[in-house]
Each structure stands twice: as C-alpha cells, then as structure tokens.
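Okay, so here's the structure we're looking at.
For the single chain, residues carry numbers from 1 onward in sequence order.
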Amino acid sequence: MSDMHVRRGMPHFMDDYARSMRFSLSWADNRFPDFARWRAEARATALACLDYDPPAVPFDVAVLSDEDRGDYRQRKITFAASPWYRVPAYLLTPRGDGPFPAVLALHDHGAFFLYGKEKLVRTEADANPGLAHFKATYYGGRSVAEELVRRGYVVLCADMLFW
C-alpha cells in the first residue's frame, strides 16, 4: 500500500468505516436505561455467540489424590461442569488457618495442547522433555501455582477445554 492510501498508519477508509459501524450493545447508543438491563442482554448475547450453555449440574467434587508438599497440599480433583464432562484440576492450599485469598490460574495453549493445567503445577508430567522445555521457555522453569501457594494463595488450575 502506498503512503497516499494510508493515514495515521491505517488504510484511508478506516475512519469512514468506523463511523458506519453500529454496535448494538454500546453505551454510546444510549439505549440502556441501567446497567442491570445492559448486563442481562450482553450476557445473553455472549452465551449465544459461544453456543455453549449446558444445563446446571451439582458441582460434585471428587479428590483423586492428596499430596502433602510440606508448606502446602496439592490435590488432584475433578468437578462436574456439565452432564457430559468432569473437569480435571489441581487445587493447592497453603498450610495454616484460612481464610486465604484465591487465584484461578489459567494455563495458556501456546500451540502445545498435550498438557494444560500441568504447565502451571509441579507434577510427575514434568519429566516429559516436551513439557520441561515448554515450562523452561515460557514459564522460566517455574510452576506458577507453586509460586502462588507459597505466597499464601489457594490456587485452582483446571484444564480449560473450551478456552
């Protein structure tokens, strides 16, 4: 594209194009009398776009393993998120009397899909050379969840199937 077709680093037609756009959920349209009404419509729109609205089910947590790691506990758990799927996760809890602040630690996908939650937690999977290399490259060789639990946070690391 030549310089005569670019303005402020963008194609020359972008300003006209932006003015022509209509965003039905924009506050600028002044069509929502209050935040609650906007939130309800925005949530319905987001869920419709995701096309994922499973029926509610009991959470039904199951503890698969429970390790004492000295200054914290690491549990491998599953919980129900839908009638069709149980989410595998790790729950790390610091020693001591709570309540503790909590973190939902979400793994990346980074085009390496063999592991999810294991990218953030120290597990037997760390022996896998591919995972070890990935953690060394993108997480400085650390298990983020372990760093957080040692700072006093409860940490939940779940596999994010529908990321």
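Residues passing the side-chain contact (heavy atoms from CB on, under 4.5 Å) test with V154 are L91, T93, P94, F100, A102, sequence neighbours excluded. Partners of K135 by salt bridge (Lys or Arg N to Asp or Glu O under 4.0 Å), not counting sequence neighbours, listed by chain and number: D126. Under the salt bridge (Lys or Arg N to Asp or Glu O under 4.0 Å) criterion, E118 pairs with no residue, sequence neighbours left out. For the side-chain hydrogen bond (donor to acceptor under 3.5 Å, both in side chains) test, residues two or more places apart in sequence or in another chain that qualify with R86 are D60, T78. For A89, the side-chain contact (heavy atoms from CB on, under 4.5 Å) criterion is met by I77, F79, L156, A158, not counting sequence neighbours. When the side-chain hydrogen bond (donor to acceptor under 3.5 Å, both in side chains) test is applied to R151, the partners found at least two apart in sequence or on another chain are E147.
Between T123 and Q74, some side-chain heavy-atom pair lies under the 4.5 Å cut-off. The shortest side-chain heavy-atom distance between P88 and K117 falls under the 4.5 Å cut-off. Side-chain contact between E67 and R73 is absent, with no heavy atoms from C-beta onward closer than 4.5 Å. Two residues are said to be in side-chain contact when any heavy atoms from C-beta on lie closer than 4.5 Å; P55 and S82 fail this criterion.
Here R69 contributes atom CZ and R122 contributes atom CZ; the two are 4.0 Å apart, rounded to the nearest 0.5 Å. Taken from CG in N128 to OH in Y115, the straight-line distance is 3.5 Å, to the nearest 0.5 Å. Rounding to the nearest 0.5 angstrom, the gap separating the CG atom in L148 from the CG atom in L120 is 9.0 Å. Distance check, rounded to the nearest 0.5 Å: CH2 of W38 to CZ of R31 gives 11.5 Å.
In the hydrophobic clustering of ILVMFWY residues, with side-chain heavy atoms under 4.5 Å counting as a link, Y85 and L104 come out together. When the side chains of ILVMFWY residues are joined at heavy-atom separations under 4.5 Å, either directly or via intervening members, V87 and W84 end up in two distinct hydrophobic clusters.
Within 6.0 Å of OH in Y72 there are more than 12 heavy atoms belonging to other residues, nucleotides or ligands.
The pair D71-R95 fails the salt-bridge criterion, with no side-chain N (NZ, NE, NH1 or NH2) lying under 4.0 Å from an Asp/Glu carboxylate O.
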Run the numbers on Y90 and D159 for side-chain hydrogen bond (donor to acceptor under 3.5 Å, both in side chains), then give the verdict. CA-CA 9 Å; Y90 286 100; D159 275 336; over 6 Å; no
Checking Y139 against V144 for the side chain to side chain contact (heavy atoms under 4.5 Å, CB included) test, could you report, in this order, the C-alpha distance in whole Å, the side-chain angles of both residues, the deciding distance, and whether it holds? CA-CA 8 Å; Y139 292 98; V144 173; 3.6 Å; yes
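Between A145 and C157, the shortest heavy-atom distance links the atoms CB-SG, 3.6 Å. Shown here for E146 and L92, the closest heavy-atom pair between the two residues is N-CD2, 4.0 Å.
Geometrically, K119 engages F134 in a cation-pi contact, judged by NZ or CZ lying under 6.0 Å from the ring centre and within 45° of the ring axis.
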